[in-house]
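So you know, we letter chains A, B, ... as the sequences are listed, proteins then strands, and number each from 1.
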Amino acid sequence: MEIIVPIRQVPDVALNIRVNEGKVVEDGVSFVISSWDETAIEGALQMTEELGGEVTLLGIGPERVSEALRKGLAMGAHKAIHVLYEEGQTDSFGYAKIMAKVMEGRNYDLILTGKQAQDTDAGLTASMLAEFLDLPQVTNIIRFSDLAVDGMTLYRKGDHGTEVIGIKLPAVVTVNDSLNEPRLASMRGIMMAKKKPMETLSPSDLGMGAEELGLQGSMTEVLKFEKPESRKEGERFEGDETETVPMAIQKLVSEAKLAV
Amino acid sequence: MTERMWNNHEMRSSYDVVIIGGGAHGLATAYYLAKNHGITNIAVIEQKFIGYGGSGRNTAILRSNYRTEEGILFYDQSLKLYEDLAQELDYNLMFSQQGHFTLGHSTASMQALTTRAAYNRALGVNSTILDPPEIKKMLPEIDISNHPRYPIMGALYHPPGGIIRHDAVVWSYARGADQRGVHIHQLTEVQDILVENGEVRGVKTNRGTIHCKQVVSCVAGWSSEICKMVGIKLPLVTHPLQALVTTDYKPWLHHVVVSSTLHIYLSQTDRGELVCGNGIDHYPHYGMRSTLGFLESYAAHLLELFPILHNVTVQRQWAGLCDMTPDYSPIISMVDDVDGFYINCGWGTWGFKGSPASGWNTAQMVAERKTPDMIAAFRHDRYVKNRLVGEKAAASVGN
Amino acid sequence: MPKVLVVAETKNGELKKPTLELLSLAKSMNLQAESVLIGKEVSSQADLLAGYGSGKVYVADDAGLEIYNTSKYTTLVADAVGQSGATQVWLTSSETGRDLTPRVAARMGVGALSDVTELEIDGDNITATRPCMATKLVQQCRFTKDGLRVISIRAGAYEAEEASPQTADTVSLSIPEGDARVEVRDIQVEESNEIELNEASIVVSVGRGTGGTEGCDFVKPLAGEMGAAFGASRAVCDAGWMPHKHQVGQTGTVVSPDFYFAFGISGAIQHLAGMSGSKVIVAINKDAEAPIFKVADYGIVGDLFKAVPVFQEEVAKIKN
Amino acid sequence: MSFQLNCPNCGKRAVSEFSFKCEYMERPEADADFKEWGDYIFLRENKKGTQTEWWFHRSGCQSWFLVERDTTNNTDHKSFWYKDLKQKK
């Protein structure tokens, strides 16, 4: 099975993120693979370990994205495509268009990726890509079974329960982080990653002109980022539960107007 | 509720001694000032939290097999203090004197190692040269064949060397100092050092001004910035140093192994993780970020030494700051022009092993207002007087 | 003249609250609104949509639409957009909305803004505010090209006003075949008759501190007694202590109730991102250093097994 | 994270191609005294913030050039030739 895993390199959201004049401050930020995409890499590796085939990573962005791709290769992915692209103001629509171009003429059975990227938290790109490629989509899967080269059964976390969906390949599938626990890179994996093929493309290699890139190729734009008013720690109650709980509830009712 | 290891105190408006930096060196200085000299009206001020800097980021390797007489005696005192520290501080420091290998991969490095062994033995420090079959006996998984790019030609073996739990050292010094009345103030940032007529008057912090007659700077990588406040320029360049820890692995490595040619050192903790360190990054930087390049080169070099480790996985990597001196020896020094100001820095990649002796001698220097013989060679202005203490040949890895 | 098409969502044949929030929002902004109603045995809900201000209601009522199906729903929404001449499509940011929003947008050849918490509308010029970076930041966005605006709006971002049903002007949509490459076989429903997480005004959630299924079951009755939805952290769901449908967080349901009670939840970043929109947060945890206390308005440092019975007593007192 | 350094001759290259040499300082006059030369050889500003420094394109064109770089992050540095430093002043 040939699987393409689009991954996104994002600021590590576990650390402090700063904003200056409406923009995210990149200095001092450490960049990581978006955690849902790591889950997708792990899922793809498990599939190819069972059925054979290769996992190809796809990253779009500046030079630093090659580090994210190499980390994915160190986990065990077989090769990578890096679209070297410095255009900051690109929305999900624009990225999906670039990805659709990358897919042109390529051989793949499955496009597997995270349900959303950890920086935008938008969750739009994969489904848009599916539409542009006229492929079926299943988003937010928490399990897969009945793996075969032409299809599989997917378990999607829906609003009213787990939807069980049979799908014929090729298709676009996005993963929930409950799917698996991504593996860590081994020493050998880290070393071998340097020797794995990395194809570097520019948008012009893909036949894309300025009108399809950046803000011009996007449908939406971010005007500014802001730090939301952060929640402050409120009142703390320490001591015996038979005293602290009634005290807290009394305050909840009188101050916060709790009604049950 | 867990027992607090040290207490929070209101900041007093004056102390006898203010120590800047709450790492192993600052806390050890405070501890020995209180214990050995009865000076307890001390504040240790730390911009982040205890052990945030190099003390919490090093690979906790201890040894005393240095190259110069000054270095060997100093680190030997440090190692001996470490040997009794767990008992003295009533804290399990998990000190394991498992023996320390420095591998040689060339004739030149074997010559340097042989010289070191001779110097060490002359000063009573246990060091010997081992040949490859002897190394193989103690490290069965090591590759001593001539296949690697840098075949192993021998090693300097130093039986008293070993590893310790670095956090425990920091915490126990903090607790020991706290119990003797020292105040530890975390999240306190120094903004200026007040000097009048060539004498220290106090320290201005983000939490107010503290009056004092003696200030000790123990801030390692940030020393140039602190010393600028009293008009002293140091021979330091701050570089990051990266390290990593693997996931648990069967108990397998029972010694510390260092290869300066391959730029690596590693040891195994009691939990089974391999703690691995590298040389410093090749350009100065004040950021503590880890890089993929480090991971890649480390993996390649590690597998040259120990092919068996190919499946071991990396759990975490991090970086710390190193204040590198030109001669790879520390600076522990009074300052002629500023009475009451003491510098403790230049710990580069060799600081953690030196912290007990560093604290011991710094405390003595502060208490007696004169430089102890043990550290007479480590003055800050030795460079411009051409009195270097060359320890570059004894650094763990060729930086 | 802007015109909004609201994609209605139902559960067990009844409209869900977030859909009503969207119609109330359109009404408060004096926008002309229509809606599209898709499902099995849902036609009866058209009148309530009309009562909430929906002009025409485009209805697709078919047994084959019982379980969500991307391909069929996309075709139906696109059909309704075409017939209504809507200039905006509003969806909720439920799992259905998250799946459908980008597909509908791409089908119509336009972009989308998802998971919006604040909308400013001037004709079809829209400025939207939405959380990002695990809610560490918010971003203000807008559409840059002409054409249809596709937006999904977070549940609870706006209030639903009270309204009673009115006779609806319905238009039946023809039922599409759907994509033959996808077969939606079944839905595994774990429980019913429980309050939906994203509709509740009170949520009681449990974390790893409960120690297991038994611990979770120990807390659960309290949710019933308080009229609250029952939530859980990812750790609890992945360990199989509670079904996944209870999961609160960026990966599960994002909630913003009036009151959020966290029992034995330490507060991993993705959990905090999924509940920090709550108006009041109450945390009960043994570990005084747990990150959840940093966001809690009321933090009780203590044992949840001792605290829950006291909670139950106090709640009973309030009720009487 | 590593970064790309801008060589005034070759353009942006991976920083691993270059050697950091030293922070830039005015060289003392040839007849300066021992102390002045000692200070020049050993003492450093070691600045936390923007400093001017010498770099060498080791695996490239072998040029020596100056870089103005913020030592707390490596983004937005400026590279230029020594002669342009003179012009700046």
Could you walk me through whether B/Y283 and D/E53 pass the side-chain contact (heavy atoms from CB on, under 4.5 Å) test, one step at a time? CA-CA 10 Å; B/Y283 57 90; D/E53 47 198 33; over 6 Å; no
Rounded to the nearest 0.5 Å, how far does [atom2] of [Y] lie from [atom1] of [X]?
{"X": "B/Y286", "Y": "D/T72", "atom1": "OH", "atom2": "OG1", "answer": "10.5 Å"}
{"X": "D/F42", "Y": "B/H380", "atom1": "CZ", "atom2": "NE2", "answer": "14.5 Å"}
{"X": "B/Y383", "Y": "D/I41", "atom1": "OH", "atom2": "CD1", "answer": "14.0 Å"}

Could you tell me which of D/E23, D/Q51, D/E45, D/K35 has the largest number of non-hydrogen atom pairs under 4.5 Å with chain B? D/E45
Counting only heavy atoms closer than 4.5 Å, note whether [X] contacts chain B via side chain, backbone, both or neither.
{"X": "D/K21", "result": "neither"}
{"X": "D/F18", "result": "backbone"}
{"X": "D/W55", "result": "side chain"}

Residue pairs meeting side chain to side chain donor-acceptor pair (under 3.5 Å), one or both in residues 227-242 of chain B, sequence neighbours left out, come to B/E225-B/K228, B/T238-D/N46, B/Q242-B/D281, B/Q242-B/T291
B/R387, CZ atom: more than 12 neighbouring heavy atoms under 6.0 Å: no
Verify the neighbour count for atom CD of D/Q62: are there more than 12 heavy atoms of other residues, nucleotides or ligands below 6.0 Å? yes
When the 4.5 angstrom heavy-atom criterion is applied to B/L321 and chain D, the contacting part is neither
Turns out that what part of B/L236 lies under 4.5 Å from chain D's heavy atoms comes down to both
Heavy-atom pair count under 4.5 Å with chain D, highest-scoring of B/V384, B/N386, B/T325, B/D323: B/V384
Is there side-chain contact between D/R69 and B/P284, with heavy atoms separated by less than 4.5 Å? yes
